Amino acid sequence: MHIEIDEISKQFGVTAALHPVSLAIPSGALVALLGPSGSGKTTLLRILGGLEFPTAGRVLFAGQDATGLTVQERRAGFVFQSYALFRHMTVFENIAYGLNARPRATRPPKAEIARRVTKLLELIQLPDIGARYPSQLSGGQRQRVALARALAIEPRMLLLDEPFGALDAKVRKELRQGLRDIHDTTGLTTVFVTHDQEEAMELADMVVVMSMGRIEQIGKPADIRARPATDFVRTFISA
Amino acid sequence: MSDATTPIRFRSATEERPLTRWLLVGLGAVGMSVLVFAPLIAVFAEALRDGWFAAVASLGNRDAQSAIKLTLLIAAIAVPLNAAFGIAAAWFITKFDFRGKAFLITLIDLPFSVSPVVAGLCIVLMFGTNSLVGGWLVANGYPIVFALPGIVLATMFVTFPFVARELIPVMIEQGRAEEEAALTLGASGWRTFWTVTLPNIRWALLYGVLLCNARAMGEFGAVAVVSGKIRGQTATMPITIEMLYNEYLSVAAFSMAAVLTVLALVTLLLKTALELRHADQLAATHRH
Ligand SMILES: Nc1ncnc2c1ncn2[C@@H]1O[C@H](COP(=O)(O)OP(=O)(O)O)[C@@H](O)[C@H]1O
Ligand SMILES: [Mg+2]
């Protein structure tokens, strides 16, 4: 789904987390929001997901104004920075949560929910962990379960906040490929936040470089490398 | 220089010398015995001084029965209400950002720092026959003071902080991420509360409710002021115990005290049993 961010700004009291920013994300793209800590990446992602509302500006989904849509109506698959798995539920129950939360009329029958959860567990290549609790999983496994849980609601887009931030280097490389594969099989418009320029450049089709609540440059990784638009971008990507 | 043949014994950083350790353990044991166990045993010993029959008989008369029923009724009303208010307060304080938050947290503790007698007097002032509200209510047949509603109000005031105080630190530590996750998955706020918030706080909630219950059944000061101590009507168990004791009916007084103690002990046993049975989930809820 095509996403458009139109002159969005966000104030937290006196701090301006986002100065008016605009951005068009083509349908099916894999986009990285790249920038140092405090540059407004999470805020922008949360505004897309409906967890935060902009002070001014509009969000458009497939050309329709979505600014007033509630978080539930957005149907965005959101993967949180620390995964936010439901600690008192098994992996199976975590993944089934979104389907069970649907109103009776559109809720799939129990057997169908079980079938879908099993399929998602296969997709993330962890077919045997359905009965475990989040506390019994490794960091990489938790991240993949969080991804499966977000995919279960058949989202219109996928939003991930520092999905690899809490993992060690080796797992990080593996899961990068995992996200790429899932993006390619589902074809979902995907936006992920990162402060790691190598990760952004390697994984994304399109990179949005942010600094202090502003967008510094938007482009393909190769173009940003070849022609950094500002001094900030030049120093940040060479770091 | 240490001799190579004698092995060196290392002491862990948090380990004390044996003497210090034994002194501390001994002090703890003596303290517990004198302050906690001895009085407990004394209560039961006094109650049974004239034998089982006398003790049970003293609990059988109408006034004693009425006191026991009243105390259970008050706890049955005050505890669920305070649990609901406590959850609401803790939820509001931890899930939203607003000005004056620190002040509100302090305010929740107010009932702990105000003397229960003063709290009782406030209720008499607000709802007594001479007050505007109280006068109107009495005229319409709903007396608050010297009646059940006043006693419930007093009990609720005194026990209000227990639930909220248990919940606030737990909810602050857990943050909002799981609730937000539930919302992005399409759950309503209501569903999120029942399926995510409540299960995550259930142990703290249970603990708060049990403490609240123990205190609600045992409250004396505030209830003494608002109840008017009418035998067979507004005299709760603690009030009845005091009246019996003042009349030198010590077997009756201690028998009722023993019942109150048993109720408190049952509460504690219940908590321990639940903790043992759900130890695995308890651990899962506390640590990721
Ligand atoms: N809930 C909030 N309340 C107040 N300030 C906030 C809040 N969330 C973010 N901010 C501020 O907004 C700015 C951008 O934050 P954020 O979007 O989290 O940056 P990033 O994800 O790039 O590290 C920071 O200065 C941060 O302190
Ligand atoms: Mg962030």
Side-chain angles (χ1 to χ4, degrees), chain A residues 12-13 42 45-46 48-52 70-90 93-103 106-107 132-139 142 145-146 148-161 166, chain B residues 87 90-91 94-103 166-167 169-208 274-288:
Chain A
F12 288 110
T42 297
L45 197 74
R46 287 168 64 85
L48 284 178
L51 288 168
E52 212 83 72
T70 63
V71 51
Q72 292 94 347
E73 289 165 341
R74 304 253 172 148
R75 283 212 294 125
F78 207 108
V79 175
F80 290 79
Q81 194 166 2
S82 48
Y83 315 131
L85 295 176
F86 305 128
R87 63 190 95 188
H88 64 287
M89 295 182 203
T90 62
E93 290 163 340
N94 263 280
I95 299 175
Y97 187 89
L99 294 173
N100 283 320
R102 285 191 185 166
T106 55
R107 189 189 311 155
R132 294 210 214 151
Y133 283 92
S135 57
Q136 300 164 322
L137 303 178
S138 72
R142 280 181 207 163
V145 171
R149 182 178 69 175
L151 288 169
I153 61 166
E154 299 169 310
R156 298 198 282 176
M157 70 202 117
L158 208 47
L159 307 173
L160 307 96
D161 194 356
Chain B
I87 292 171
W91 185 75
T94 54
K95 307 287 169 178
F96 294 96
D97 291 317
F98 56 91
R99 241 181 259 196
K101 199 181 215 178
F103 177 70
E166 285 300 321
L167 294 185
V170 174
M171 288 170 89
I172 286 177
E173 198 220 274
Q174 292 181 346
R176 305 172 200 179
E178 285 181 50
E179 272 98 354
E180 288 183 343
L183 298 175
T184 64
L185 294 168
S188 62
W190 187 242
R191 188 184 176 88
T192 300
F193 175 77
W194 286 102
T195 58
V196 177
T197 311
L198 205 56
N200 274 348
I201 60 169
R202 61 181 178 233
W203 294 106
L205 177 63
L206 179 70
Y207 195 68
L274 281 167
E275 276 176 357
L276 283 179
R277 232 184 103 195
H278 300 282
D280 50 336
Q281 284 176 44
L282 197 62
T285 328
H286 274 259
R287 289 270 166 270
H288 241 289

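Not measured: the values here are computed from a predicted model.
Interface summary for chain B: among Arg74(A), Gln81(A), Arg149(A), the most heavy-atom pairs under 4.5 angstrom belong to Arg149(A). For the set Ile153(A), Leu159(A), Thr70(A), the entry with the most heavy-atom pairs within less than 4.5 Å of chain B is Ile153(A). Considering only heavy-atom pairs separated by less than 4.5 Å from chain B, the leading option among Phe78(A), Tyr83(A), Tyr97(A) is Tyr97(A).
Leu160(A) has its side chain out of reach of Phe80(A): every pair of non-hydrogen atoms, C-beta onward, lies at least 4.5 Å apart.
Heavy-atom distances place no part of Arg102(A) under 4.5 Å from chain B, backbone and side chain included.
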### Test salt bridge (Lys or Arg N to Asp or Glu O under 4.0 Å) applied to Glu154(A) and Arg75(A), step by step
CA-CA 8 Å; Glu154(A) 299 169 310; Arg75(A) 283 212 294 125; 5.8 Å; no

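Within a 6.0 Å sphere centred on CZ of Phe193(B), other residues, nucleotides and ligands contribute more than 12 heavy atoms.
There is a side-chain donor-acceptor pair under 3.5 Å between Thr197(B) and Glu179(B).
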